[in-house]
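Letters go in sequence order (proteins before strands), and every chain restarts at 1. Just so it is clear, the model here is predicted, and its values are computed rather than measured.
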Amino acid sequence: MLDARYSIRSHVAGELRASHSGEEVTVAGWVHRRRDHGGLAFVDLRDRSGIVQCVFDPDESGDAFPMASRIRPEWVVVVRGRVRPRPEGTVNPALPMGDIEVVVTGLEVLNEAVTPPFEIEAGIETDEVTRLRYRYIDIRRPEVLAALTLRDAIAQRFRRELEDRGFLEVETPMLTVSTPEGARDFLVPSRMNPGDFYALPQSPQLFKQLLMVGGIERYYQIARCFRDEDLRADRQPEFTQVDIEMSFIRTDDILQMMEEVMLGVMHAAGQELTVPLPRVTWAEAMERYGSDRPDTRFGLELADVSENFATSGFKVFADVLGRGGAIKALNAKGAGDWSRGRIDALNDVAVAAGAKGLAWVAFPSDGEVRSPVAKFFSADETEGLKAALAVEPGDLVCMVAGPRTMTNEALGALRLHLADELGIERTGFETLWVVDFPLFTWDEDSGTWQASHHPFTRPFDEHLGILEESPGDVLSYSYDLVMNGLEIGGGTLRIHDPKVQKQVLRVLGHDEERASEEFGFLLEALEHGAPPHGGIALGLDRLAMLLVGARSIRDVIAFPKTSSGSCPLTGAPAGVSPGQLKELHLRAE
RNA sequence: GGGGUGCUAGCUCAGCUGGUUAGAGCGCCGGCCUGUCAAGCCGGAGGUCGCGGGUUCGAGCCCCGUGCAUCCCGCCA
């Protein structure tokens, strides 16, 4: 909370109340608005704490009175005056300081200001480039101030909760080494080592593991991370993680610890959280919601109807089942009367998400079944489908057949689309853990196994035996914190046995030599007495975005970049002088 | 890399099937005004219609190209 200490003022605007009546005060801030009646003028003075009405009255304001007509919005002023209750009939109950005003006895202009490019007001929808170009003006607007304030409350609460639990905040390097996996790195050329580059960290992952080997045991950091990938509403090239790592833990330990921390953080943001949080395995999340970060604020769950069509004469379904695939369905309640065009749009969504196509059966409220595929179903199959999905008149059954994961993902995308189309309310906060992710994911393009999370994720102990024979079946000690369908955090237990670490790297296609070249320092560290450890990283920006109710992560970052990674305020990124390039041993293309 | 949407006054927007002087609200400037609080009333200034090319007697509007923004897909361990 802003207060008047250590400043030229006696009070801040937002603290003045009727109880200050009669006091001589000095306030300072920006001219918010001016209402000049000629013989009497009102000036709203704004500082970070709020707004107070100042009255220029010829009988009371003396030499300061003529100033009222000179000053302009956003000028910076100091006002001396006397607090008094507003005259009867002029109280404004809509404003926090609506029952008092400051009668001006002196005014000093500290700085004039040009007319701002847009108004300092809540609820205006100015083009984002303009807002970012003049971000220092934008920050004066109440929404931006509120977002930054809430973000601060969240960050402070994280610190407090973690400090209370014995965590040590340790800073890790921003100039580090490029590692092969993951996102594209931002590179920084080294002047002193021609041709060599630092990389900005994608996360402090390796360092926090080294800290565990170093015996820190409980580490956290509110850390800036950098990834040079294309941006989205919830992705910036630099973003902030609440990065956490602990030694001598099991999965339950960190999940419980995080639930307690999150309880406090949500509270600081004025929200409730019920713990323990639900835990859903990755497999279950995929089966029920078609997503590894399900939005559980609404139903529309997927059903497996493979059994129902086990002996189906419908060739498409039979082929899929024959190849070990699945037939999944969801019931879009209330879409049974939709036009053909509207249903075709659903098909497009499913296809865009990987499905070969969407098989649908509409059950209009007036009875007659509409469907391009139902004619291939037996009566039993149609009845079974209705039973499985609790179909009522007015419903639309959407089906996708294919390899299981792709089918789930396609229906998962359709599920989210339908939630919007059907106007399903999504309010409040639904938070859960998604746990037990597969250790590896098969990458069709490269024909290799990729780490689902990162290459240091610890496989289930009971799966160590099948690590190399059957990588696709290996699960990992992993957990994502999901809120309202957004992944706001994720973590894993780490491999602390160098032999296991090498095995995993081998599955990922890194032979001994390459592994030691790329992660040698970590493998070496693991040989020097590494405790079992694990951790989590939370996306502070995303969490703040959710809790602020913002649509974009940019709204909770003081100086964000546009979607092409540029900063309209500073002009970054920008060219540099030939001399700078030469010094860095670089040539621009 | 691909797709959608947008770009007209400082800001937010309107501008019909192409038609002669491109509009509104807010803001800004000036004047009047002693109880407003989005003050009010009167007057005024302010435009490379994102940029380049083309079609046309004529382009803010149609065509081609391009830039920027934004949302999404790919990408983001």
Considering only heavy side-chain atoms of Asp230(A), the closest of G27(B), C75(B), A69(B) is C75(B)
>> I want to check one thing: is the phosphate of C68(B), taken as OP1 and OP2, less than 4.0 Å away from some side-chain N or O of Ser566(A)?
In response: no
Under a 4.0 Å heavy-atom cutoff, the residues of residues 471-480 of chain A touching RNA chain B are none
Would you say U70(B) has OP1 or OP2 under 4.0 Å from some side-chain N or O of Ser563(A)?
yes
- Any luck finding a side-chain donor-acceptor pair between Asp295(A) and Tyr289(A) under 3.5 Å? no
With sugar-phosphate taken as primed atoms, P, OP1 and OP2 and all else as base, the protein-contact string of nucleotides 34-40 of chain B at under 4.0 Å (heavy atoms; B, S, -) is BBBBSB-
- Query: Can you tell me how far C1' in G2(B) sits from the matching atom in C49(B), rounded to whole Å?
  - Reply: 30 Å
Item checked: C1' atoms of C29(B) and C72(B), separation to the nearest Å -> 45 Å
With a 4.0 Å cut-off, would you call Arg33(A) and Glu119(A) a salt bridge? no
* Should Asp230(A) and Arg235(A) count as an ion pair when the cut-off is N to O under 4.0 Å? -> no
Open item on the list: Please determine whether a side-chain nitrogen or oxygen atom of Thr126(A) lies at a distance below 4.0 Å from atom OP1 or OP2 of C11(B).
Closed with: no
Closest of C71(B), G10(B), C76(B) to the Pro117(A) side chain is G10(B)
Q. Ala451(A) near the nucleic acid: base, sugar-phosphate alone, or nothing, with a heavy-atom cut-off under 4.0 Å?
A. sugar-phosphate
Counting any heavy atom closer than 4.0 Å, what does Ser452(A) reach on the DNA or RNA strands: base, sugar-phosphate only, or nothing?
sugar-phosphate
message = Tell me whether the side-chain N/O atoms of Arg235(A) come closer than 4.0 Å to OP1 or OP2 in C72(B).
response = no
